[in-house]
Amino acid sequence: MLRWVMAMVFAAFGIRKFTLQSANSIVHYISNGPFIWWLSVVGVQREAYVIGSVELTVAVLLVVGAFDPILSAISR
């Protein structure tokens, strides 16, 4: 049950990163983050695309991992 809820949350937040409003709202967190400061080179919207793509990838791995144990180990 927890796996499916986490997949839905990651998918919802990942899809939302592809909107301009959400991209502008996370600028403060992206620009001051110690691990993703290098994303500022590509611009605000593309930064949000990268973060959204990572979140969607995690959601897909969580769903597929429920059926394939090897992919389940990758998503953990």
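Residues that satisfy the salt bridge (charged side-chain N to carboxylate O under 4.0 Å, His left out) test with E47, not counting sequence neighbours, are absent from this structure. Applying the side chain to side chain contact (heavy atoms under 4.5 Å, CB included) rule to M6 yields the partners L2, L62; only residues at least two apart in sequence or on another chain are considered. Not counting sequence neighbours, the partners of V44 by the side chain to side chain contact (heavy atoms under 4.5 Å, CB included) test are A23, N24, V27. Annotation: ring pair (Phe, Tyr, Trp, His ring centres under 6.0 Å) contacts of F13 (sequence neighbours excluded): none. Scanning for side chain to side chain contact (heavy atoms under 4.5 Å, CB included) contacts around S22 gives R16, K17, T19, S25, with sequence neighbours left out.
Grouped by direct or indirect side-chain proximity (heavy atoms under 4.5 Å, Ile/Leu/Val/Met/Phe/Trp/Tyr only), M1 sits alone. Counting Ile, Leu, Val, Met, Phe, Trp and Tyr side chains that sit under 4.5 Å apart, directly or through other members, V54 stands alone, with no cluster partners. Membership of the apolar cluster around Y49 extends to I15, F18, L56, as traced through chained side-chain contacts below 4.5 Å between ILVMFWY residues.
V63 is listed as a side-chain neighbour of W4, based on a closest heavy-atom distance under 4.5 Å.
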